[in-house]
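Let me begin by presenting the structure, written as structure tokens, before commenting on it.
For clarity, every value in this text was computed on a predicted model and none was experimentally measured.
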Amino acid sequence: MARSLAVITGASSGIGRVFALRLARDHDLLLVARREARLQELARELRSRHGGAVEILAADLTDAAQIHRVAERISAAQNLTLLVNNAGFGLRRAFWKTDLELLERMHRLHVMAVLRLTHAALRVLVEHDRGAVINVASVAAFAQRAGSAGYGATKSWLASLTEGIHLDLRRAGSAVAVQALCPGFTYSEFHDVTGDDRNRLAPPSLWLTADQVVDASLAGLERRAFRVVPGWRYRLLLAVLTRCPTWLKLRLEATRA
Ligand SMILES: NC(=O)c1ccc[n+]([C@@H]2O[C@H](COP(=O)([O-])OP(=O)(O)OC[C@H]3O[C@@H](n4cnc5c(N)ncnc54)[C@H](OP(=O)(O)O)[C@@H]3O)[C@@H](O)[C@H]2O)c1
């Protein structure tokens with residue numbers, strides 16, 4: 001009998017790669033990202049270490065036809081138990097100075113790809129009354145920062161969508177779980193892509209490893225938490241942020257910038 005299947009987007013590096021390393025122990029995997037060679041190398045390593053089936057699907061999830069291809073594969077996976085919507089990237093420039101095509105690609109990746117893949121996955125999961133969807137959002141979902149308007153907005157959308165689906169699932173009495181995973185600064189290739197100097201962004205005590213993020217997420221899945229914020233410092237920060245009036249958050253951020 002086929003093992004249960006976990007689908008991970010953005011599995012070629014960082015947090016997604018760690019999800020793959022962790023889940024390969026007791027899942028077959030479908031790994032999605034653009035860099036095929038990276039996925040192939042990871043798949044080889046996981047097959048030889050754990051013996052499970054590891055399929056790769058090279059796809060650019062900013063492209064509607066390629067999103068559709070991944071969604072079709074998910075719809076056909078009757079052994080699906082987990083979807084991790086993790087693929088994403090950051091931008092750090094004033095909104096109007098950012099290339100519009102890049103902003104649109106970010107919205108297609110963080111919004112349209114998640115919408116379509118989650119819809120396809122939940123049709124299978126709810127029918128079988130099992131499994132989960134993890135949406136990798138960010139603490140940025142709860143506090144806008146200068147230079148990241150599009151990023152913050154898409155991550156807020158992601159956290160909000162997850163809460164709404166959580167309510168639908170609870171109302172339907174479904175056993176399926178959804179989780180918005182909200183990490184803070186995490187060591188990965190994310191800040192190489194944005195070109196940020198990590199030392200200038202935050203002190204070392206605020207940086208998480210991808211292992212810490214994935215551990216917190218999988219522990220949260222056990223207790224069916226709809227929102228997971230890895231690290232006590234970020235949980236404290238979020239407790240303050242979510243109680244802070246918007247005008248005060250904006251004033252503090254404007255002073256910092
Ligand atoms: N690192 C942080 O500080 C941090 C904090 C909060 C939230 N997050 C979120 O965590 C998630 C994972 O990021 P990370 O930190 O692990 O960064 P990362 O190491 O740069 O990984 C990003 C992954 O997304 C994939 N990806 C990017 N664009 C894609 C596209 N168009 N189509 C398909 N896949 C694409 C990349 O693969 P390819 O390049 O091979 O396509 C890569 O596997 C993101 O959603 C990010 O917003 C990160």
Indicate if Leu122 and Leu30 have the same hydrophobic cluster label, given that clusters are the connected sets of ILVMFWY residues with side-chain heavy-atom separations under 4.5 angstrom. yes
Shortest non-hydrogen pair, Val176 vs Arg224, comes out as O-NH2, 3.5 Å
A quick test of your reading: do over 12 heavy atoms of other residues, nucleotides or ligands sit less than 6.0 Å from CD of Glu101? yes
Could you grab the distance from atom OG of Ser4 to atom CG of Leu29, nearest 0.5 Å is fine? 9.5 Å
Any donor-acceptor pair under 3.5 Å from Thr118 side chain to Val114 backbone: yes
Heavy-atom count around Arg35 CZ within 6.0 Å, excluding the residue itself: above 12? yes
Answer yes if Val136 and Val111 sit in the same cluster of Ile, Leu, Val, Met, Phe, Trp and Tyr residues linked by side chain heavy atoms under 4.5 Å apart, and no otherwise. no
Any side-chain heavy-atom pair of Leu109 and Thr154 under 4.5 Å: no
Test side-chain contact (heavy atoms from CB on, under 4.5 Å) on Arg123 and Ser75; report intermediate values, then the result. CA-CA 8 Å; Arg123 292 243 164 147; Ser75 299; over 6 Å; no
State, with a plain yes or no, whether a side-chain heavy atom of Leu221 is found less than 4.5 Å away from one of Leu82. yes
Which atom of Ala11 lies closest to which atom of Ala33, heavy atoms considered: N-CB, 4.1 Å
Side-chain touch Glu104/Leu100, heavy atoms, less than 4.5 angstrom: yes
Could you tell me the separation between the CZ atom of Arg108 and the CZ atom of Arg105, rounded to the nearest 0.5 Å? 7.5 Å
Counting distance only, does the side-chain N/O of Arg47 pair as donor-acceptor with the main-chain N or O of Val54 below 3.5 Å? yes
Is the shortest heavy-atom distance from the side chain of Ser148 to the side chain of Lys155 under 4.5 Å? no
Under 3.5 Å, is there a donor-acceptor pair between the side chain of His191 and the main chain of Tyr187? no
Hey, does the side chain of Asn135 reach the backbone of Ala137 with a donor-acceptor pair shorter than 3.5 angstrom? no
Group every Ile, Leu, Val, Met, Phe, Trp and Tyr by side-chain heavy-atom contacts under 4.5 Å, then state whether Val7 and Phe19 land in the same group. no
Report yes if some heavy atom in the side chain of Glu45 is under 4.5 Å from a heavy atom in the side chain of Leu21; otherwise report no. yes
Working to the nearest 0.5 Å, report the span between CZ of Arg25 and CG of Leu46. 10.5 Å
Looking only at atom types and distance, does a side-chain atom of Gln212 sit under 3.5 Å from a main-chain N or O of Pro230, one as donor and one as acceptor? no
Provide the closest heavy-atom pair for Leu42 versus Ala20 in the form atom of the first, atom of the second, distance. CD2-CB, 4.0 Å
Heavy-atom pair with the smallest gap, counting every atom of Val133 and Ala121: CG2-CB, 4.4 Å
Does a side-chain heavy-atom distance below 4.5 Å link Tyr151 with Arg145? no
Could you state the interatomic distance from CG (Leu201) to CZ (Phe185), rounded to the nearest 0.5 Å? 5.0 Å
Check whether more than 12 heavy atoms from other residues, nucleotides or ligands sit under 6.0 Å from atom CZ of Arg170, and answer yes or no. yes
May I ask you to decide if Gly52's main-chain N or O and Asp28's side chain share a donor-acceptor pair within less than 3.5 Å? no
Looking at every heavy atom in both Gly231 and Leu208, which two are closest together, and how far apart are they? CA-CD2, 4.4 Å
Between Phe190 and Ile15, is there shared hydrophobic-cluster membership here, with clusters defined by ILVMFWY side-chain heavy atoms closer than 4.5 Å? no
Could you give the distance from CG (Leu31) to CD (Glu36), rounded to the nearest 0.5 Å? 12.0 Å
For Thr162 against Ala180, the heavy-atom pair lying closest together: CG2-N, 3.4 Å
Report the residue from Thr98, Thr194, Asp196 that forms a side chain to side chain donor-acceptor pair (under 3.5 Å) with Arg92. Asp196
How many angstroms lie between atom NZ of Lys249 and atom CZ of Phe142, to the nearest 0.5 angstrom? 9.0 Å
For the residue pair His119 and Arg116, establish whether any side-chain heavy-atom pair is separated by less than 4.5 Å. no
Treating Gln66 as the side-chain partner and Asp60 as the backbone partner, does any N or O pair qualify as donor plus acceptor under 3.5 Å? yes
Side-chain (Thr9) to main-chain (Asn86) donor-acceptor, under 3.5 angstrom: yes
I would like to know whether Val126 and Leu169 meet side-chain contact (heavy atoms from CB on, under 4.5 Å); could you show each step before the answer? CA-CA 8 Å; Val126 170; Leu169 289 167; 3.7 Å; yes
Would you say that Leu115 contacts Trp157 through its side chain, given a criterion of any heavy-atom pair below 4.5 Å between the two side chains? yes
For the pair Arg3 (side chain) and Asn79 (backbone), establish whether a donor and an acceptor sit closer than 3.5 Å, ignoring hydrogens and angles. no
Which ILVMFWY residues can you reach from Leu236 by hopping between side chains whose heavy atoms are under 4.5 Å apart? Trp232
Could you check whether any side-chain N or O of Arg243 sits under 3.5 Å from a backbone N or O of Ala239, counting only pairs where one atom can act as donor and the other as acceptor? yes
Can you tell me if Arg227 has over 12 outside heavy atoms packed within less than 6.0 Å of its CZ? yes
Answer with yes or no whether the hydrophobic clustering places Ile134 together with Val139; edges join I, L, V, M, F, W, Y residues whose side-chain heavy atoms lie under 4.5 Å apart. yes
